[in-house]
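Keep in mind that the numbers below use all heavy atoms, side chains included, and drop hydrogens, waters and symmetry copies. Since the model is a prediction, treat every value here as computed from it, not as a measurement. Chain A is the first sequence line, chain B the second, and so forth, proteins listed ahead of strands; every chain is numbered from 1.
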Amino acid sequence: MPVARPEPQDARVIAHVDMDCFYVQVEQRKQPNLRGVPTAVVQYNSWKGGGLIAVGYEARKFGVKRSMRGDEAKKVCPDLQLVQVPVARGKADLNLYRNAGSEVVSILATEGRCERASIDEVYLDLTDAAESMLLETPPELLDELSDEALRSHVLGITGGEDDRRKNVKQWLCQTDADHRDKLLACGAIIVAQLRSKVLEETEFTCSAGIAHNKMLAKLASAMHKPAQQTVVPSSSVKDLLATFPVKKMKQLGGKLGSALQSELGVNTVGDLLHFPEEKLQEHYGINTGSWLWNIARGINGEEVEGRILPKSHGCGKTFPGPQALKTIASVEHWLNQLSEELSERIQTDFDRNKRVAHSLTLHARAYNANELDSQRKFPSKSCTLRYGTAKIQEDAKKLFDSGLRDFLGSQNSGWRVTSLSVAASKIFDTPPGTCSILKFFQAKNPSSSLSNVSNEFVEDDVAASPSGSRSYITAKEDEHLRELNCGETSDNNATPHQNITVQRNGKSNKKAKDKGTASILQFFSGSNSASAEQGCNEFSVDRAPVPPDRIGSESYPELTQQGSHTLEEHNSKGGIPHPAHTAQRSDSWVLDIGDIDPSVLDELPLEIQKEVRGWIRPSKRPNTAKRGSSIVHYFSSARSSQ
DNA sequence: TCCGCTCAATCG
DNA sequence: CCGATTGAG
């Protein structure tokens, strides 16, 4: 449900930029012979020619619609060129379009705050840029306005086709106008420039709306397509909304919009004006009611969030009709494919953006083969995400098994799975570090002899080294390590962390010694009391497997069952053990980091960094010094004290 | 149960 | 908080 937000009192300049039939443009850029000819993008094509997900403007003239089947579209437009979405691992692969979207965003994000609203849309808050322009180079002083700016549509500026351009020029440059209008004029000029730049640098056209809030900007961007922009002065809002169909408003395209029509007889946004706020609240709740009341008046306080990266990554596939999966083996096959793609995507996200995901969620849809009813839902399940394709695959399978048990309940009958998806969420930035010590863990690599090498090093060199209570090593030690290093960063993201061994602080770690292999986890695993005594940085780490001897005595923040703090609690609430608990050996866990300089992380091989950073989560309350203090908090305080 | 694949936001 | 639901494109 939408929620009303207070509208800032000062006028903002908000733009919504929408790529024109984006997937089609991406394909036309790749294959220029498709330019100018009716084109559509389909995914899959074996069944009725595949499903259209984007339709070029030439094809729209023939009545080709999105969500037609390819065969259907060919009937109304025999010359239609159908381009298939790339397929990888047996499923549609949208990376081509995601990356193209990033190209555009990187241009649009140069001016003002930028919010990536979808793969092909952004909102911009251009208030500051517009204010600056008004002060420094107001439109009326400009020698000449760009052609793109002059092609703007300004609602309320009447246009006999010929003189519309002249009137627009006049409007853009008017000197005696409302301050708010002048700001919009500046916004229009800036957006025109941005759109030209996008075209120049990416070959993509886009359309845009410029208004005082997101809602109006979004409405406006769709009014004149393709490759045009529309400005919404305040004076035009009332008329615009009076006849605007509620169902076409963002957020009102579904059940809420239908309810407005059937319950209140509201068909246009203007119709909403007749209802007092309280009335709308009675019907649709406090928040939604106020939101509706505001929308009717063109009021919308939603901020443009400064976010150009997605908050989650998901991979899914549907198995319609006869394709529904009915064996564990087929489910596992597809989970493997999906997990592989997901792993690749979060890997790329880390490489490009230094971000790590913390949560893995599995969704599925299923029905009972013999039951006629079969309305039961397949529950979503999530767990802490572990990096590495094999681990994601393993965890996804366990999550599925858990969900399937819930789904089936006591009975056991033939199930059918009609869709599967895995998603990575709770993505955090990893703070940049400064210090450079620890080439350290570069003693790495996976091949068999490795663990011996690093163990040897750890026990003979680090533990016995004069480093005393230092948690980092010297340049000499560093050199030594480099020799042991096997070279190239591994492309094997399944590098088992058990192979990365080191001992912490030169203290004897009994368990590690006993086993003869200390893990990187153990390196970080000081006892809580020790680190507390030392009064040093303490970091809570939330993802390591729980050592058997701690079960029942510690808290397990990594368990996803709500409100559970012990394994028993968790299990008694029907939770499942974290896959890692059963998957990991007991030589790898960590609870707190003691007096470790966190910048050591920067020097870890990327693979290890990802895993280690993945264990660390910023605390909600940085002030809880003892147990909640996060590595992120450490970094921010360390930086600010420099 | 043939509009597939993604994403975000809200809420209980 | 997780999981369900709604909605967008």
Using atom CG of A:Leu399 as one end and atom P of C:dC2 as the other, report the distance to the nearest whole Å.
13 Å

For A:Phe22, which contact category applies under a 4.0 Å heavy-atom criterion: base, sugar-phosphate, or nothing?
nothing

Nearest of B:dC5, B:dC7, B:dC2 to any side-chain atom of A:Arg98?
B:dC7

Separation of atom CG in A:Leu342 from atom C1' in B:dC7, rounded to whole Å:
14 Å

Regarding A:Thr418, tell me which of base, sugar-phosphate or nothing describes its non-hydrogen contacts under 4.0 Å with the strands shown.
nothing

Would one find a side-chain N or O of A:Lys48 under 4.0 angstrom from OP1 or OP2 of B:dC3?
no

Sequence neighbours excluded, which residues qualify as ring pair (Phe, Tyr, Trp, His ring centres under 6.0 Å) partners of A:Phe275?
none

Nearest whole angstrom, please: distance from the P of B:dA8 to the CD of A:Glu303.
19 Å

Between A:Arg89 and A:Glu344, does any NZ, NE, NH1 or NH2 come within less than 4.0 Å of an OD or OE carboxylate oxygen?
yes

Using the P atom in both, what is the distance from C:dG9 to B:dT1, to the nearest Å?
25 Å

Determine, using ring centers only, whether A:Tyr97 and A:Phe22 are less than 6.0 Å apart.
no

May I have the list of side-chain donor-acceptor pairs in residues 48-65 of chain A shorter than 3.5 Å, sequence neighbours left out?
| unit_1 | atom_1 | unit_2 | atom_2 | d |
| --- | --- | --- | --- | --- |
| A:Arg60 | NE | A:Val55 | O | 3.0 |
| A:Arg60 | NH2 | A:Val55 | O | 3.1 |

Between P of C:dG3 and CZ of A:Arg365, the distance in whole Å:
18 Å

State whether A:Arg307 places a side-chain N or O below 4.0 Å from either non-bridging phosphate oxygen (OP1 or OP2) of B:dA8.
yes

Under 4.0 Å between any heavy atoms, over every strand shown, what does A:Lys91 touch: base, sugar-phosphate, or nothing? Just pick one.
sugar-phosphate

Between B:dC11 atom C1' and A:Ile286 atom CD1, what is the distance in whole Å?
15 Å

A:Ala92 side chain: which of B:dC5, B:dT10, C:dC2 is closest?
B:dC5

Could you run down nucleotides 4-9 of chain C 5' to 3' and tag each one B, S or - for protein heavy-atom contact under 4.0 Å?
SSSSSS

For a quick test of reading the model: is some side-chain N or O of A:Arg345 closer than 4.0 Å to OP1 or OP2 of B:dC5?
no

Residue pair A:Val417 / A:Trp334, side-chain heavy-atom distance below 4.5 Å:
no

For A:Val3 and for A:Leu94, find the nucleotide of DNA chain B with the closest heavy atom, then tell me which residue's nucleotide is more 5'.
A:Leu94

Can you confirm if the aromatic rings of A:Phe407 and A:Tyr367 lie within a centre distance of less than 6.0 Å?
no

Taking for each residue the nucleotide of DNA chain B bearing the nearest heavy atom, is the 5' side occupied by A:Gln323 or by A:Pro310?
A:Gln323

For A:Lys354, is there an ion pair with A:Asp349 - N to carboxylate O distance below 4.0 angstrom?
no

What is the distance, to the nearest angstrom, from the CD atom on A:Glu72 to the C1' atom on B:dC2?
11 Å

Would you say B:dC5 has OP1 or OP2 under 4.0 Å from some side-chain N or O of A:Ser421?
no

Give the rounded distance in Å between these two atoms: OH of A:Tyr44 and C1' of B:dC5.
8 Å

In whole angstroms, how far is the P atom of B:dT6 from the NZ atom of A:Lys317?
10 Å

Touch check for A:Arg416, heavy atoms < 4.0 angstrom, all strands: base, sugar-phosphate only, or nothing?
nothing

Considering only B:dC5, B:dC7, B:dC2, which nucleotide approaches the side chain of A:Trp47 most closely?
B:dC2

Heavy atoms under 4.0 Å, any strand shown: does A:Pro2 hit a base, just sugar-phosphate, or nothing?
nothing

Check each of A:Glu115, A:Glu305, A:Glu121, A:Glu303 against A:Lys214 using the salt bridge (Lys or Arg N to Asp or Glu O under 4.0 Å) test, and report the only one that passes.
A:Glu115

Which one, C:dC1, B:dG4, B:dT6, comes nearest to the side chain of A:Arg69?
B:dG4

Can you figure out which of C:dC2, B:dC7, B:dG4 approaches the side chain of A:Ser382 most closely?
C:dC2

Between A:Trp415 and A:Phe400, what is the ring plane arrangement, given parallel below 30°, perpendicular above 60°, and tilted in between?
perpendicular

Between A:Ser312 and B:dT6, is there a contact of a side-chain N or O with OP1 or OP2 at under 4.0 Å?
no

